[in-house]
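Please read the structure below before turning to the comments.
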Amino acid sequence: MSIDDAVANLLRLRSALNIVEVINHELDALPKILVRSLVIITSVLGAYSLIIVFLGVTYLSDIQLSSLGIVLFTLLAAFTLYYIVRELEKASRVRSPYSDWDEKVKEGALGILRILSELDWDTVDYRVRRARSLYPILLVIEELILVALLSLIMPWLISLIMWLILGIQSMTPLNIVGGVLVSIAVALASTWGEISNGAKALWSIDSLMWELRWLYHEYRRIQT
């Protein structure tokens, strides 16, 4: 393997490892995000229950209580879903622990050897296996949350379009089903590139690691 090939493989490995770091960081953050979301939901529903107990019976009619409940649950669902999406997006902003590789590879073979010798291969193996095994679950959770958030908007948007074009003013089951289908399509379209890059990185990283570990041992053998 030439120096240029080694540098190219090393930089490809860095790109894959950066994706692995993002996935692991999101996996670490997900339980905390879900717990905080549960606390928000519990607090809001508790406050709503207190409103019903102390004010609802005396000051609000059944229709007003029902309307208040629908508005509250819709806003609560929208806020909670948006909060989860935003926090997962923030968790994906990880500073690369391999950002110094660009400077080191300029040193040639010695720089490559230094990079490979500084890698904790056992930790890298563990984080790659963890990311690969849990990435599908993380994807499903992220897609479901995004679809649910969009599904709160799309049926109303379709109803507005139907009203403007056909003059139909009511929310129909067709609008709801259409909104959910459109939400699924939009969610998949907006995240397909990320899904594809993540899958390619996770399933190509083993061969890169094997080649570079072999290269590292060859360099060490030549040096000795």
Side-chain angles (χ1 to χ4, degrees), residues 11-48 70-101 120 123-158 176-206 208-209:
L11 295 180
R12 285 172 57 204
L13 176 64
R14 183 181 66 175
S15 297
L17 289 177
N18 284 336
I19 293 175
V20 169
E21 286 301 311
V22 168
I23 294 171
N24 276 284
H25 203 257
E26 289 183 342
L27 289 170
D28 292 337
L30 184 59
K32 300 175 185 177
I33 295 171
L34 294 179
V35 168
R36 288 197 293 265
S37 300
L38 184 60
V39 170
I40 292 171
I41 293 172
T42 304
S43 301
V44 173
L45 293 181
Y48 176 66
I70 292 172
V71 172
L72 178 65
F73 290 135
T74 302
L75 292 177
L76 178 60
F79 174 80
T80 304
L81 292 170
Y82 173 75
Y83 170 78
I84 296 173
V85 170
R86 187 194 66 179
E87 290 299 307
L88 284 174
E89 195 275 331
K90 286 170 61 177
S92 67
R93 301 176 195 165
V94 182
R95 184 181 180 277
S96 173
Y98 316 106
S99 57
D100 60 340
W101 285 16
D120 186 344
T123 300
V124 169
D125 283 338
Y126 166 75
R127 294 183 73 79
V128 169
R129 288 196 302 270
R130 180 176 184 246
R132 184 181 293 153
S133 60
L134 297 178
Y135 185 53
I137 298 174
L138 181 64
L139 276 181
V140 170
I141 293 174
E142 289 180 338
E143 291 300 313
L144 286 176
I145 291 171
L146 186 56
V147 168
L149 179 60
L150 291 172
S151 295
L152 293 174
I153 303 170
M154 288 301 175
W156 296 102
L157 183 59
I158 291 176
I176 297 174
V177 173
V180 172
L181 293 177
V182 171
S183 299
I184 294 173
V186 171
L188 288 175
S190 62
T191 58
W192 187 253
E194 178 184 346
I195 295 172
S196 177
N197 290 337
K200 288 178 182 177
L202 290 175
W203 270 267
S204 66
I205 196 170
D206 281 342
L208 287 172
M209 290 175 63

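Just the heavy atoms: all of them, side chains too, but no hydrogens, waters or symmetry mates, feed the values below.
- For Ser92 against Val22, the heavy-atom pair with the smallest separation is O-CG2, 3.6 Å.
- Across all non-hydrogen atoms, the minimal contact from Leu17 to Val124 is CD2-CG1, 3.7 Å.
- Closest non-hydrogen pair, Leu150 versus Ala187, comes out as CD1-N, 4.0 Å.
- A donor-acceptor contact shorter than 3.5 Å is absent between the side chain of Thr80 and the backbone of Ala77.
- The closest side-chain heavy-atom distance from Ile33 to Arg36 is below 4.5 Å.
- Nearest heavy atoms, Leu152 versus Thr74: CD1-O, 4.3 Å.
- Rounded to the nearest 0.5 angstrom, Ile137 CD1 and Leu27 CG are separated by 8.5 Å.
- Glu89 and Arg86 are not joined by a salt bridge, as no carboxylate oxygen comes within less than 4.0 angstrom of a charged side-chain nitrogen.
- Summarising the geometry of Ile145 relative to Ile84, their closest heavy-atom pair is CD1-CG2, 3.3 Å, with the distance given to 0.1 Å.
- In this structure, CG in Leu88 is found 8.0 Å from CG in Leu34, a value given to the nearest 0.5 Å.
- Atom-to-atom distance recorded for Phe79:CZ and Leu149:CG is 12.0 Å, nearest 0.5 angstrom.
- The line from CD1 of Ile23 to CG of Leu139 is 7.5 Å long, rounded to the nearest 0.5 Å.
- Put simply, the side chain of Leu134 reaches to within 4.5 Å of the side chain of Arg130, judged on heavy atoms.
- The distance from atom OG of Ser37 to atom CG of Leu81, rounded to the nearest 0.5 Å, is 8.5 Å.
- The line from CG of Asn24 to CD1 of Ile19 is 12.5 Å long, rounded to the nearest 0.5 Å.
- Listed for the Ser190 side chain is a donor-acceptor partner under 3.5 Å among the backbone atoms of Val186.
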Task: salt bridge (charged side-chain N to carboxylate O under 4.0 Å, His left out) evaluation trace for Asp120 with Arg127 - done: CA-CA 11 Å; Asp120 186 344; Arg127 294 183 73 79; over 6 Å; no
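- The shortest heavy-atom contact between Tyr135 and Gly198 is OH-CA, 3.8 Å.
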